[in-house]
Number of protein chains: 2
Amino acid sequence: MRILLIEDDKVLGMAVRDQIAADGHSLDWVERLDEARAALNGAGFDLVLLDLMLPDGLGVPFLKALRQRGDVTPVIILTALDQLSDRLEGLNAGADDYMVKPFDLEELSARIGSVARRYSGNPNPLVTHGDIEVDLAARRITKGQREVSLTAREWAMFEAFLNRPGQLLSKAQLEDKLYEFGSEVESNTIEAHVSRLRKKLGQNVIKTERGMGYRLGPA
Amino acid sequence: MRILLIEDDKVLGMAVRDQIAADGHSLDWVERLDEARAALNGAGFDLVLLDLMLPDGLGVPFLKALRQRGDVTPVIILTALDQLSDRLEGLNAGADDYMVKPFDLEELSARIGSVARRYSGNPNPLVTHGDIEVDLAARRITKGQREVSLTAREWAMFEAFLNRPGQLLSKAQLEDKLYEFGSEVESNTIEAHVSRLRKKLGQNVIKTERGMGYRLGPA
DNA sequence: ATGGCTTTGTCAGCTTCTTGTCAGGGGCCT
DNA sequence: AGGCCCCTGACAAGAAGCTGACAAAGCCAT
């Protein structure tokens, strides 16, 4: 899980960083709101930890602006303020949770887990192969930056290769993957599909082993 | 905020009471519908938490009667029932939200906050997708400047897409979301609903992946 | 209950896309 | 050279999907 920490207190930040690392998440740490804006504009984070008092502004207006822009990344507020009004203000601004300093790092872990579970619309694990990125769960493929769309048969075939990276697959084996038992294919269907896959994904993705079959080429 | 809890399970009730107290709200707790009626006749509550199975009756007729009388107090249903039909019935009866036991108390807090926000004039966080704005909490959608109203099934389907943006959803998966297990749909129901959604939200919102399913298209 | 309105599952006819097949061409090995 | 295997553009048949229409069921207000 990718987490963005917006916090100017070095001591607290380091503690949070270590805890998050221990939980197996990856952390980006910025100390100012303008850095945070830049970071959020780029790739999608799964969670934001937001301090409310920062050198270049307050967290609540920042969060409001974020939501205004349609960003729904879960946000947990970290703050020394403990007034109820502050708490409501934070949640009203669109925060998902609220932690008062000094807080227990174990508790932070628990809440991160809870938020993560609640918003399980996170990016799925990606399989990468050269410049090709595959999201198996979502059935999405990108080559370079461009989205590639595969048909059902193409996907089935590519999946077969991904499941056995580098391993040789005979045409017979591929046929078994693509078709029900018994449905005889009597021509060069497999070859045709390989050709179509190569056209979409690149010529060197699938390697021909003459007389034997195909294999996923090295990245 | 004044909250009325109608719940006969002592253990759950105490847990909810503590959570609500921790959130700084005030709570009245009754265990029967007739007590609830008495309580609601008096001063105005800001929110009602309603169990569906109570010693002296069911929650849904109670809620219907309440709405019939013109009472618009927000109601969140708490129940062990998880059938889609129950869910639809509850929302149709006039509930604002619905939580299935056993639920996370943190989540209860969040939903209480959300309902409170909805009725306090503060906007909820919006999910935007192209020119479509979705207020998940309030179940409202606008396209361009125009308000779009979805039916129950349409909403269920669109929600499924929003929860997994960009991910491929097979027709079987969508059926699972829209219908209870076992209820066989033997025709192109899903296609028909997709068509209706597209008509309301725009043709490019839901993308067809022939032979595989549908996905929420890029904004 | 009663009548009107909405929702929704189903169907039929039509459109669109996939995909198995083929044919012609090219490369590799003996 | 010859034989074998493989590649790929083209194409047609059929599968999959779309959508307007309709009817049954549900919902609401009277």
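Labels below follow one simple rule: chain letters A, B, ... track the order of the sequence lines, proteins then strands, and each chain is numbered from 1.
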I would like to know whether A:R140 and A:V134 meet side chain to side chain contact (heavy atoms under 4.5 Å, CB included); could you show each step before the answer? CA-CA 6 Å; A:R140 290 172 69 120; A:V134 184; over 6 Å; no
B:E31/B:K10 under side chain to side chain contact (heavy atoms under 4.5 Å, CB included): CA gap, chis, key distance, verdict: CA-CA 9 Å; B:E31 301 189 14; B:K10 309 256 190 308; 3.0 Å; yes
Evaluate the criterion salt bridge (Lys or Arg N to Asp or Glu O under 4.0 Å) for residue pair A:D46 and A:R2; output intermediate values, then yes/no. CA-CA 5 Å; A:D46 301 304; A:R2 292 196 63 200; over 6 Å; no
Run the side chain to side chain contact (heavy atoms under 4.5 Å, CB included) test on B:F158 and B:L201 for me, step by step, so that the C-alpha distance in whole Å, both residues' side-chain angles and the decisive distance to 0.1 Å come before the verdict. CA-CA 10 Å; B:F158 193 45; B:L201 298 178; 3.7 Å; yes
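Listed here is the closest heavy atom pair of B:E7 and B:W29: O-NE1, 3.0 Å. Here the shortest heavy-atom pairing between B:H193 and B:R153 reads CE1-CB, 3.6 Å. Taking every heavy atom of both residues into account, A:D135 and A:W155 meet most closely at O-CH2, 4.2 Å.
For B:E209, the salt bridge (Lys or Arg N to Asp or Glu O under 4.0 Å) test picks out B:K207, B:R215, with sequence neighbours left out. Among residues two or more places apart in sequence or in another chain, the side-chain contact (heavy atoms from CB on, under 4.5 Å) test is passed with B:K200 by B:V148, B:L150, B:T151, B:E154.
Contact of the A:V30 side chain with the A:L5 side chain is not registered, since no non-hydrogen atoms from C-beta on lie closer than 4.5 Å.
A straight line from OH of A:Y179 to C1' of C:dT18 spans 11 Å, rounded to a whole angstrom. Straight-line distance from the CD atom of B:E154 to the C1' atom of C:dT8: 9 Å, rounded to whole Å. One atom, CG of B:L174, and another, P of D:dG17, lie 12 Å apart when rounded to the nearest Å. To the nearest angstrom, C1' of C:dC28 lies 15 Å from NZ of A:K207. Rounding to whole angstrom units, CG of residue B:L197 and C1' of D:dC18 are separated by 14 Å.
Within residues 156-170 of chain A, no residue has any heavy atom closer than 4.0 Å to DNA chain C. Within residues 146-153 of chain A, the residues having any heavy atom closer than 4.0 Å to DNA chain C are, in order of number, A:T151, A:A152, A:R153.
Ion pairing between A:K177 and A:E159 fails under the 4.0 Å rule for side-chain N and carboxylate O.
An end-to-end axis angle of 40° holds for the helix from C:dA1-D:dT30 to C:dT30-D:dA1, taken from five base pairs per end and rounded to 10°.
Proximity of B:T189 to the phosphate of C:dG9: no side-chain N or O atom is located under 4.0 Å from OP1 or OP2.
Around the CD atom of B:Q145, the shell of radius 6.0 Å holds no more than 12 heavy atoms that belong to other residues, nucleotides or ligands.
The only member of B:D8, B:D56, B:D51 that meets salt bridge (Lys or Arg N to Asp or Glu O under 4.0 Å) when paired with B:R32 is B:D56.
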Sugar-phosphate means primed atoms, P, OP1 and OP2; the rest is base. With that split, encode nucleotides 2-11 of chain D 5' to 3' as B, S or - using protein heavy atoms under 4.0 Å. ---BSBBSB-
